[in-house]
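Ligands are counted one by one from 1 in listed order, and the atoms in each one are counted from 1 as well.
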Amino acid sequence: MTGPTPAGLALALDDAARAARPIPPLTDAAPLGLAEAYGVQRLATERRCARGESVVGVKMGFTSRAKMAQMGVDDLILGRLTDAMAVEDGGTLDTGGLIHPRIEPEIAFLLGSPLSGRVSPYEAARAVSAVAVAYEVLDSRYQDFRFTLPDVIADNASAAAFGVGPWHDPVDVANLGLVLEIDGRTAETGSSAAVLGHPLRALAAAARLAGTAGTGLEAGWIVLAGAATTAVPLPRRAHVKVASARLGRVEVTTR
Ligand code: 0L1
Ligand code: MG
């Protein structure tokens with residue numbers, strides 16, 4: 001007997017996201033290789049695009065030791081961002097359509113030129129046209145946020161929503177303090193240095209992993225470099241702010 005096809009797995013994940021109904025990890029039923037998992041991610045993204053969404057960038061996951069330890073994995077992953085996931089700065093995010101959302105503070109890059117393959121952080125820096133403070137909302141489509149590395153890759157690295165603050169001309173983002181506030185209370189504080197020692201390393205890794213994922217990083221795309229802290233549960237009816245002394249702030253209200 002043969003197992004489910006990549007298209008069947010992509011459909012299961014897409015349905016889970018749309019219905020906000022979690023499913024067991026795919027690998028509970030059958031093993032999944034990393035390349036195969038990126039194939040499922042691509043197919044699930046194609047389903048979104050067929051409904052009218054466009055890919056506007058990528059996100060890097062597990063870029064800090066804190067995040068790897070939080071989720072029990074030990075490798076970097078890449079997920080795709082679409083325009084439907086973007087929340088305008090100061091806007092509202094309806095968490096009603098999400099399963100168990102979490103939020104984390106990040107640094108975002110805007111690419112002025114394409115980037116792919118093995119590049120150094122210095123080469124990656126040359127492709128950056130702007131930087132901003134950002135947040136990512138994660139929402140695993142798996143029950144209890146339980147998954148293996150191939151599971152979470154297939155699930156588009158848990159990408160659900162994101163927001164980006166005002167863009168700034170490129171500045172040194174090696175060690176920027178980031179504060180995540182929920183309803184005026186500090187929920188997490190961290191430094192961009194937690195992102196692989198320097199967020200530009202995450203950008204270089206994104207260029208490398210994009211090939212594995214069957215894509216390349218395009219000019220005009222946003223790259224979320226990865227979290228500076230662990231992710232925290234995102235409550236309903238909350239006001240969330242991520243602030244950096246150098247890059248300003250980005251805000252969102254949930255309902
Ligand atoms: O760092 C990340 O963005 C990891 C995303 C995937 C794992 C998770 O859902 O926490
Ligand atoms: Mg993230």
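Looking only at distances, no side-chain donor or acceptor of Arg80 sits under 3.5 Å from a matching main-chain atom of Val58. Counting only distance, with no hydrogens or angles, the side chain of Thr95 and the backbone of Arg236 share no donor-acceptor pair below 3.5 Å.
Geometry note: the Mg ion (ligand 2) is the vertex, Glu104 OE2 and Glu136 OE1 are the arms, and the angle is 110° (rounded to 10 degrees).
Counting only N and O atoms by type, the side chains of Thr230 and Glu104 include no donor and acceptor under 3.5 Å apart.
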Taking a 3.5 Å cut-off between nitrogen or oxygen atoms, can you list every pair linking ligand 1 to the protein, with distances?
{"residue": "ligand 1", "atom": "1 (O)", "partner": "Phe62", "partner atom": "N", "Å": "2.9"}
{"residue": "ligand 1", "atom": "1 (O)", "partner": "Lys67", "partner atom": "NZ", "Å": "2.9"}
{"residue": "ligand 1", "atom": "3 (O)", "partner": "Lys59", "partner atom": "NZ", "Å": "2.7"}
{"residue": "ligand 1", "atom": "3 (O)", "partner": "Glu104", "partner atom": "OE2", "Å": "3.1"}
{"residue": "ligand 1", "atom": "3 (O)", "partner": "Glu136", "partner atom": "OE1", "Å": "3.3"}
{"residue": "ligand 1", "atom": "9 (O)", "partner": "Ser158", "partner atom": "OG", "Å": "2.6"}

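Crowding of Arg21 atom CZ: a count of heavy atoms from other residues, nucleotides or ligands under 6.0 Å not exceeding 12. Enclosure of atom CZ in Arg51 by more than 12 non-hydrogen atoms of other residues, nucleotides or ligands within 6.0 angstrom is indicated.
Salt bridge absent: Asp83 and Arg48 never bring a charged side-chain N and a carboxylate O closer than 4.0 Å. Using a cutoff of 4.0 Å between basic side-chain nitrogens and carboxylate oxygens, Lys241 and Asp183 are not scored as salt-bridged.
The Mg ion (ligand 2) is closest to atom OE2 of Glu106 (considering only N, O or S atoms).
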